[in-house]
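Notes follow once the structure below has been shown.
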Number of protein chains: 2
Amino acid sequence: MPSHTTNRKRRVTQADVARRAGVSTAVVSAILNPNSATGVRVSPETAERVREVVRELGYTPNPIAQSLARGKRNILGVFTYEPVFPSERGNFFYPMLRGIEMQVSGAGYDLLLFTSVQTEGQPRKIFAGGSNRLGVADGAILLGQEPDPSEMERLADEGFPFVTVGRRHSSRVELNWAAAGYADATAEIVLLGHEKGHRRIAFVGSATIREQQLDREEGFRSAMQGLGLDEGPEWCWHLDPDKLDAAWLQSLLANGVTLVLAETLEHAERIEKLLGSRGMSVPDDLSMAVLGTPLEDTRRITRWTRFEVPREEMGREAVRLLLAQLDGRVTGAAQTTLPCSFIPGETLRRVAPAH
Amino acid sequence: MPSHTTNRKRRVTQADVARRAGVSTAVVSAILNPNSATGVRVSPETAERVREVVRELGYTPNPIAQSLARGKRNILGVFTYEPVFPSERGNFFYPMLRGIEMQVSGAGYDLLLFTSVQTEGQPRKIFAGGSNRLGVADGAILLGQEPDPSEMERLADEGFPFVTVGRRHSSRVELNWAAAGYADATAEIVLLGHEKGHRRIAFVGSATIREQQLDREEGFRSAMQGLGLDEGPEWCWHLDPDKLDAAWLQSLLANGVTLVLAETLEHAERIEKLLGSRGMSVPDDLSMAVLGTPLEDTRRITRWTRFEVPREEMGREAVRLLLAQLDGRVTGAAQTTLPCSFIPGETLRRVAPAH
DNA sequence: CTGAAAGCGCTTACAG
DNA sequence: CTGAAAGCGCTTACAG
């Protein structure tokens, strides 16, 4: 017999109600779950008597026991490797969480935030101590930049339903995601640049390459190729902002580049600063666009030509995909790419075509 | 037999592992929970064999079943009557949630956000459809402005452990809370005003009176009384900002008031506008202080003399109180008042004492 | 229309 | 050191 750590008075159980009302627990259960399609039918008098006892005893069903018996928990997990509420202000996750809450609300699910598996400063792990705590949920949504591929694969192997916000790739398993259309959005900017007379266009992204950046690069490359423009190594850089220096800028300009697509605002601002120390400015001497929108620095970003990532909609869509899976409506991999919206800004200007 | 809606392959259970390893489930359980102080002792060989099977089968314990058997869920509920992630930017709950997450992290609990009980635009209810969904959690933290006293009382009657962020009062039951010291903070401003020569000080709060405002008023009254100053009805108003008009201001000034304590920034700005249309300004013609700090409008608030509510710390403290209760470390009501921090601003200036 | 019983997947006293 | 069994509190086929 478990000791059942009950520092508070023992909870009233269904059995207590049944005993007191002189019926079986089956009857109580049927009355409390009218639409459960069980064969049990109860006379109105019995039903009323049972309800009376329920009120009298203040009985509320134990959701945990219900979950176990039903094999269904009505809980959606939200897992992040980093804290869900990181900084004082500005929260990368916020719009996604907002979307998730909006979409899940009314669907009859609660949201479980996995905060327990934290190991002091370390990123969280899904399989901490061998047990998959995500299992309390019917399925989960994975957020964040640092998805451990092996954990996702193991999760998939277990048959646990989950969807990531942001595209994720595994060579071994099919992953489900709701992602931003970085490729199309980037291509769109290339085309716009071309229209405005730019022929030598460069791409500058971070040194660490993730799916996100692959998508942007892919958009850049395919658009450039489609236009018959050069997009070789001299046009496509993988450098963190602090690695960008005067020499690099020099080689860029020597190449005749007139438009730079910067992966992040940090890249863009760094380049602008380098230009400044040469007495040059954006967009007079160089046009630029930022391939995304930071959540913070909302003020500094406004003048930049860029696109906006539909973070909230990605959260909503992730919930839709997950619920579709849980309902069994979907069997294969569910992957949605959502369009980003272009924002003109003032940093991409018309130039006279080079030739 | 329940149909156990399993659209995915049946989960591996402890029994599967036990059968395959040729032991009882008790042994498997004991090996997987080494520090469970059960009498069961297993030989190293058996343990290794079982672990091997666990790995082979990819077994992970079902947390729901563990919860039921242990009578402990390791889940802390977070309940808000309004959406947790309300607006695009600026979230009243954010600092509290941040504090909650910080404090709960490492304590081995996950955070459950109750989003399921939403009824289309209506504020959420704890007891929706007679069943208390909070019951999936070991205890809960209640956030938000609109606490339904009857729900809190019923929750308390059930013996369900919960703590509110913000002081809450019930005449029937003892409530647990982590609150801001509005009274002291308000009194402090009165004293400061007195020091600076103000003798006729008025308080202007909203029409709807909640615990928060009672605390501020109480601080105002007791400080005024302590100084031997008048704090009767002509000095203490309950009006929403849009009800403040020229006539009201006229009577205020006619009374010789030199310092106004405004409950919210909206009150303060409204009064300033009214002053403006008389060609008067803050603080030259009237000193003012705001009794709190809005989360949004961070820019507009900076010049105002005010105090800051320790929202994050309130979240942390609420978790501490709740965990203490769950551990059985605390039995009576747990109530903490946390100090607000004064911020000088520029709207409270020195004056020559009236007489 | 109603009841007795099995089962959800674990944990834990209790016998051996 | 190990196993058989009861129990956590529900739901749901299956008999009456």
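A note on names: the letters A, B, ... follow the listed sequences, proteins ahead of strands, and every chain is numbered from 1. Computed from a prediction, not measured in an experiment: that's the story for all the values here. In what follows, every heavy atom counts, from backbone to side chain, and hydrogens, waters and symmetry copies are set aside.
Every side-chain contact (heavy atoms from CB on, under 4.5 Å) that B/Gln103 has, sequence neighbours left out, goes to B/Arg316, B/Val319, B/Arg320. B/Glu56 is linked by a salt bridge (charged side-chain N to carboxylate O under 4.0 Å, His left out) to B/Arg20, counting only residues two or more places apart in sequence or in another chain. The salt bridge (charged side-chain N to carboxylate O under 4.0 Å, His left out) check on B/Arg172 picks up B/Glu153, B/Asp157, with sequence neighbours excluded. Take B/Arg49 and apply the salt bridge (charged side-chain N to carboxylate O under 4.0 Å, His left out) test, not counting sequence neighbours, and it matches no residue. Remark: B/Phe85 pairs with A/Tyr94 by the ring pair (Phe, Tyr, Trp, His ring centres under 6.0 Å) rule, at least two apart or across chains.
At D/dC8, none of the side-chain N or O atoms of B/Ser67 fall inside 4.0 Å of OP1 or OP2 (strictly under the cut-off). Checking the phosphate oxygens (OP1, OP2) of C/dG3, no side-chain nitrogen or oxygen of A/Thr25 falls inside 4.0 Å. Checking the phosphate oxygens (OP1, OP2) of C/dC8, no side-chain nitrogen or oxygen of B/Asn62 falls inside 4.0 Å. B/Gln66 has no side-chain polar atom (N or O) that falls below the 4.0 Å cut-off from OP1 or OP2 of D/dC8.
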Whenever both distances are under 3.5 Å in a Watson-Crick or G-U wobble pair, mark it; put DNA chain D into dot-bracket that way, with [ ] for crossing pairs and | when the partner is on another strand. |||.||||||||.|||

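Comparing B/Ala65 and B/Val23, the nucleotide of DNA chain D nearest to each residue sits closer to the 5' end for B/Val23.
Nearest to the side-chain atoms of A/Thr13 among the listed nucleotides D/dT2, D/dC8, D/dC10 stands D/dC10. You'll find that the side chain of B/Leu68 is closest to D/dG9, out of D/dC10, C/dT11, D/dG9.
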